[in-house]
Novice: 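The structure's right below; bear with me while I get my questions together.
Any value given below was found using the heavy atoms of this structure, including those in side chains, with hydrogens, waters and symmetry copies removed. Proteins come first, then strands; the chains are lettered A, B, ... in the order of their sequence lines, and each starts at number 1.
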Amino acid sequence: MPPIAGKRLLALIFATLVIGLIIGYSTGYYVGGLGTPQTGGVSERTYTLGVTFALSGAVSSVCVQWEPVVRMAIDDLNNLAKSMGLNIVFKPHILDDGGTADGALKNVQTLYATGVRIVIGPALSSQVKAVKAFSDSNKLIIIAPCSNSPALAIRGDYIFRTQPSALGESKALAALAVQEGLKSVVSFHLNDEFCNVFAQSFKKFFEESGGTVLYDLVYQSGQADYGSDVASLASWVAKLNPDAVFYCGYATDGANVLTHAADEPTLRGVRWLTVEGFYGASEVLTHKVVDFARAVKMIGIRPVPITNPLYDEFVEKLKKYGAAPTLCSENVYDAVMIAGLAVLRAGGSSDPDVLRRALIEAAKTYYGPGGWGLFDENGDRLQASFRLWTMAFVNGTYQYVDIGHITDSNIVIEKKL
Amino acid sequence: MIDITGFLINWLEYFAIYAILAVTLSLESGISGITNFGKVAFFGLGAYLGAIINTYLLLAISGVDVVKAPPYTAEGVIALIEISTLNPALVLGVFTLSILVSFIVTGVFGYLLTYPIIRVGSGFVGFTLLCVGEVLRGIYVNMEFVGGTNGMLGIPQPFIWLGIPMLSGLCYLLLSVTILALTYIVTDRILGSPLGRTLRSIRDDDIAALCLGKDVPKIKSKIFFLTSGFSGVAGTLYACYVSSVNPQMFVTLVTFNVWAMIIIGGSESPIGAIIGALILTLIERILPLIASLNEYLPFTPDYLRPVFIGLIMTIVLIKYPRGLISMKPPKFIKSAVEELIREAS
Amino acid sequence: MSKEVRHILATRNVSKYFEGVKVLEKVSITIPEGGIIGLIGPNGSGKTTLFNIITGFHVPSEGEVLYRASNEFIRIDGLNPHEIYRLRIVRTFQLPRLFHSLTVIENLLVTPVGQRGESILNAVRWRTWLEEEKNLVKKALGILAMFNKLEIAFKYPAQLSVADIKLVETLRGLMANARLYLLDEPLAGLDFATARRLLNFIKEIRNSYNVTFIIIEHRIDLLMETVDYVYVLHNGRLLASGKPDEVIQNPDVVKAYVGE
Amino acid sequence: MEIYRAILCSYVFSWIYILSSLPLTLSYRTTKVFNFAHPIFITYGAYVVIIVNEVLGREIPLAVAVFLAFVVGGLVSLISHLLVFKPLSYQRVSSNVYMVTSMGLWFIYQYVLYIVCQLLTRRYDVNFLSYSTIEYKDVRFLQDVLGLNSMPQYTITATLIGVSVGVALYILFNKTVLGLSLRGIADNASLVAICGVPINRLVNLTWFLVGGITALSGVIWVNFSGSTTPDLGLNIVVDNFAAAFIGGLYSLPITAVASIVLALIENMLLAVLNYYFGVQPTVRIAIVFGIVLAILVARPPMGAGGGLPYRFIKRVSRK
């Protein structure tokens, strides 16, 4: 039997390949012309920083707040370069990966192909894992602003993370819980790497310092509604009678969970502790939820150093860009800044090893809104002091307010809950 | 300057993996009439099998204690990276084994699904299989030893020991394209054979086919064994390429992506499936470059990418509702018959 | 019917209920080998249901269906349709069920059982089935040629006239080398000449291959010329049976057809 | 066990599922299009309320919200039909082509919404990509009058919308000529066409109703949930599909029952499993789809003859 249309198939594939090549080549030429470092005469050199965020999908409500942060950081970098008399102009190339591993990998590959050598993002640990192999083999530097998975704490790779490790933060939160006189806790968190890590390490440190985590209730991400999970939580709280609930979730699910919890008398009778998961999310700031937060004396922790004027400046400046600080937004800013400083330090070189060394060096001397930029040997950021926050009605609006801080030596709660 | 070679290798790798899925989907859905909306179930199962074998087995053979350093922790990943660069023969051997195992296991899984397929009737098969895919995803989320919701990391790419990323990428691409070619040849041969005729008759009217002595469930299960097996292999290829798996990778959207490929390409011909895969993966790759226009738009330009993809899908299908490549009856029979007619007259 | 005639098929007290409604009630018929048997009756009398039970489409609620496979009778009710087909019992449908994406010739080629090229392993190696395929093509063309329909060989069912569709449906049954044919209204829609030719062809097949036909037909005039024996069903019950001319004169039958 | 909230959630979800899966079945029956863009009607219904609410300064009454959502959902649905499904139907394509085309439509609508949200976010300085609850002033007023202040507002909203849509549909389909011809089209379009009914106009009307009614579940949603995102419809839709398929894409009563069962499984069953058996709610997907799968296999939608007349286990042995 003659194979069906073998020649025609070959011809078609070939034709498509050629067309693809032509399109790719021309687009690439155009983009490449705008993008990568060019040693072109008198005019300024453009350096493109790749960005891949989950601008759509389940965590998009957080990530869209990062986009203005990136623009602000790029503007700051350009001002810096100008003031230093360098003729380098930074430019972001922002792509949406929809929160999927597949999308992140495609974006990173596309960015790499257009000559980008430093990528900011992706947001989730699962996405960082998916791009790790590509980053390692091609020596592409990835600066993940919000990933805290311990499985990614790998020495000597090209992945850097500006989100401090969850360990220190959970330890501080456990200490806070002990100081507040909380003996037993029911833990309630999203089944997502970010929150799993927090829940596990909080449990470890809290039990080391004498408390008990009575039950660990995990709810599945990516659902429309979490009302039944809140009902389960209420059941456990009623049964086990803990002193507090430890909660971790992001903005979208957090708003849903807290709105339901606010209706639940049982859950109003215990304290609530949380991390920075839904910090800054505007949808959480309703009358109902803020009232609930006041009733349960909710305290959250977040990895922003105390007395850091840079952070307050960052928040003020961000307002002009039409965004509010959310989960990890200071880390996004730091990631872009460190990347830019590394490029400047490396003199616009695109040699990955030079860039990587420059990045580590630049981070050592960088101090930004998220604190000191220093990376540990795994390429993860170190952080030692934390801020405490809650939600309150201040100056006629509902706001996230800082109420204290935690350092190595002491826990200070400045404002009365 | 744009890196054309790297771009091509990455794009074609995705293309090869998705084209395997598309060709098998066109065989089972376009030709045999099993409306498979659960393609991702087999893809994901293959990926997870590949991930498990290529990590656990590799670690165990190399003498690493997988209980103390399971592959979803940093220790396991570091050990895997070491092994994969130092011991090429072992990595390749385990990889080959994983391909075979995932072909057989995924195939048998597909074979066993024949019962619900026949039971619920052709109109509802699609949704039944979609449910299967979702159930599997729900199971991965709750399985601790594959990392649960965190997934697994560090699955070695079998050619990583070559050291040069472009070369190892090229080798892997070659391997994937070989498997694609194998899938295509098998599909094409089946299509032109009496079996292909029987399959099309089953798709047209399974009751009439049953009354004409075709053991419809058995034929469907055999075909489903084959296509599921190849989808499983595609999954393993994908897992080793991305070198990580997590449950969120295997959502139903992947299935619909493959469906879009075969519908746009022409659902009854494997060539159409390949062309569909080529077009859609290329569009996905090319469109991000538009994002460099971002200074002129008041919103994130990358949001336009799915809008464009949607527009292309809709317009192409309104223009060519039967796909770009339409099916022709097998040439061989036509020529044989014409010859006989000439002889007769 | 004399006693030395070998019977090929018999139903014994077959009844069928659909959700409590009795469609067939204790129908017992016997079919002699090599006969052409007519099955007539007004609409809704249960003829097609009886076909469905014989061909394994439905399981009878009561009773059994016996079939002479080689030398002994076996019970075939409860077998699946394709297993019954493999016992060389072939049926056609009242509303033609041609495969619309296959050409006429392919529609004919698809019928023979156990083609070599139907297994996956053989399908990918085309040399294993090519010879067999050529023989089948020859046979199919032969059948088409007999009706001067060679020109429709490469047409799709959608391009055929109603009469041709009907004809192909019946020819598809004849392609299959069966011992027992169950034809459900083969003549509906055919013009007189073609219908006559088809019936003659059926007779010819019967004579040369010693096969058996059961035919459901409303065109009684044509049917009676051909058949040896007739069963009449009415309201799910066997009303009468006998040679064609006897049956036509049976007052019960006339009453059933003409009405009260 | 604190079952009160689970009951409330099941109740509201039952209405949300019913309001979105019944139109899905209706649109399939009438036009034989299985519309993957269906979830977009829910999302658009919710978002039109959110946008108008924000622009007008958070004072939107339920009546206005219902009207707006109905009109916008209906128009989106009608436009999809006129621009895409109708041209396709002239070409007599297979149902798979409809499905893939509707996926393409879904992409377009979904990301256009993202773009609109982003533009609005920049204009109004409120995060539209994730929006908090809306309280309906007139429902609040009603609660005050009737003394139902202890009930959560969303139960009242859901009941109001659900019951009135139900009554309206009942009257439409059983008491009016228009409704009768709509039902006729669903069952046998060509027969109705012979009777001189303007089929085209009625199909348009069906699409409008389908989109409009589905959008109303979005109106309930923004009152119920603490957060609305453009992915809202996507998160709900698979359950709608499940309900519609269990109903065989034909039977409206079974679809409604299936919606309620699914709502109960997702809310009550998981809470019970968690509390009494210690099963984490992460098994949600596996349990829900496992049960749907079991229902589909145990009771094939078309009745006993759902599949082939093929018996895996032979009832009668050979003699």
Novice: Are side-chain heavy atoms of B/Leu210 and C/Asn80 found at a separation under 4.5 Å?
Specialist: no

Novice: Where is the tightest heavy-atom contact between B/Arg203 and C/Ser101, given as atom of each residue plus distance?
Specialist: NH2-OG, 2.8 Å

Novice: Check for a donor-acceptor pair, side chain of B/Lys214 on one end and backbone N or O of C/Val113 on the other, with a separation under 3.5 Å.
Specialist: no

Novice: For a quick test of reading the model, state the closest non-hydrogen atom pair linking C/Ala123 to B/Ser193 and the distance between them.
Specialist: CB-OG, 3.3 Å

Novice: By side chain to side chain donor-acceptor pair (under 3.5 Å), which residues pair with C/Arg97, not counting sequence neighbours?
Specialist: B/Asp205

Novice: To the nearest 0.5 Å, what is the distance between CD1 (C/Ile120) and CG (B/Leu226)?
Specialist: 5.0 Å

Novice: For atom OH of B/Tyr320, is the number of surrounding heavy atoms from other residues, nucleotides or ligands below 6.0 Å larger than 12?
Specialist: no

Novice: Heavy-atom distance under 4.5 Å to chain C: side chain of B/Ile185, backbone, both or neither?
Specialist: neither

Novice: Rounded to the nearest 0.5 Å, how far does CD1 of B/Ile190 lie from CG of C/Asn122?
Specialist: 11.5 Å

Novice: Quick one: of C/Phe99, C/Phe57, C/Phe93, who has the most non-hydrogen atom pairs under 4.5 Å with chain B?
Specialist: C/Phe99

Novice: At a heavy-atom distance under 4.5 Å, which candidate from B/Thr198, B/Leu195, B/Asp204 has the highest pair count against chain C?
Specialist: B/Asp204

Novice: Counting only non-hydrogen atoms closer than 4.5 Å, can you tell me which residues of residues 96-106 of chain B sit against chain C?
Specialist: none

Novice: Counting only non-hydrogen atoms closer than 4.5 Å, does C/Arg172 touch chain B with its backbone (N, CA, C, O), its side chain (CB onward), both, or neither?
Specialist: side chain

Novice: Hey, what do you get for CG (C/Asn52) to SG (B/Cys211), rounding to the nearest 0.5 Å?
Specialist: 8.0 Å

Novice: With chain C as the partner, which of B/Ser201, B/Ala209, B/Ala208 has the greatest number of non-hydrogen pairs under 4.5 Å?
Specialist: B/Ser201

Novice: Is there a side-chain contact between B/Lys218 and C/His82 in this structure, where contact means two heavy atoms from C-beta onward sitting under 4.5 Å apart?
Specialist: no

Novice: Identify, with sequence neighbours excluded, every residue that meets ring pair (Phe, Tyr, Trp, His ring centres under 6.0 Å) alongside C/Tyr85.
Specialist: none

Novice: With a 4.0 Å cut-off on N to O distance, would you call B/Arg197 and C/Glu133 a salt bridge?
Specialist: yes

Novice: Does any N or O in the side chain of C/Arg86 come within less than 3.5 Å of the main-chain N or O of B/Gly213, such that one atom is a donor and the other an acceptor?
Specialist: yes

Novice: What part of C/Thr111 lies closer than 4.5 angstrom to a heavy atom of chain B: side chain, backbone, both or neither?
Specialist: both

Novice: I'd like to check the ring pair (Phe, Tyr, Trp, His ring centres under 6.0 Å) partners of B/Tyr111; sequence neighbours left out, ordered by chain and number.
Specialist: none

Novice: With rounding to the nearest 0.5 angstrom, report the CD to CG distance, C/Glu118 to B/Asp215.
Specialist: 10.5 Å

Novice: Do you know the tightest heavy-atom contact between C/Ser119 and B/Lys222?
Specialist: CA-NZ, 4.3 Å

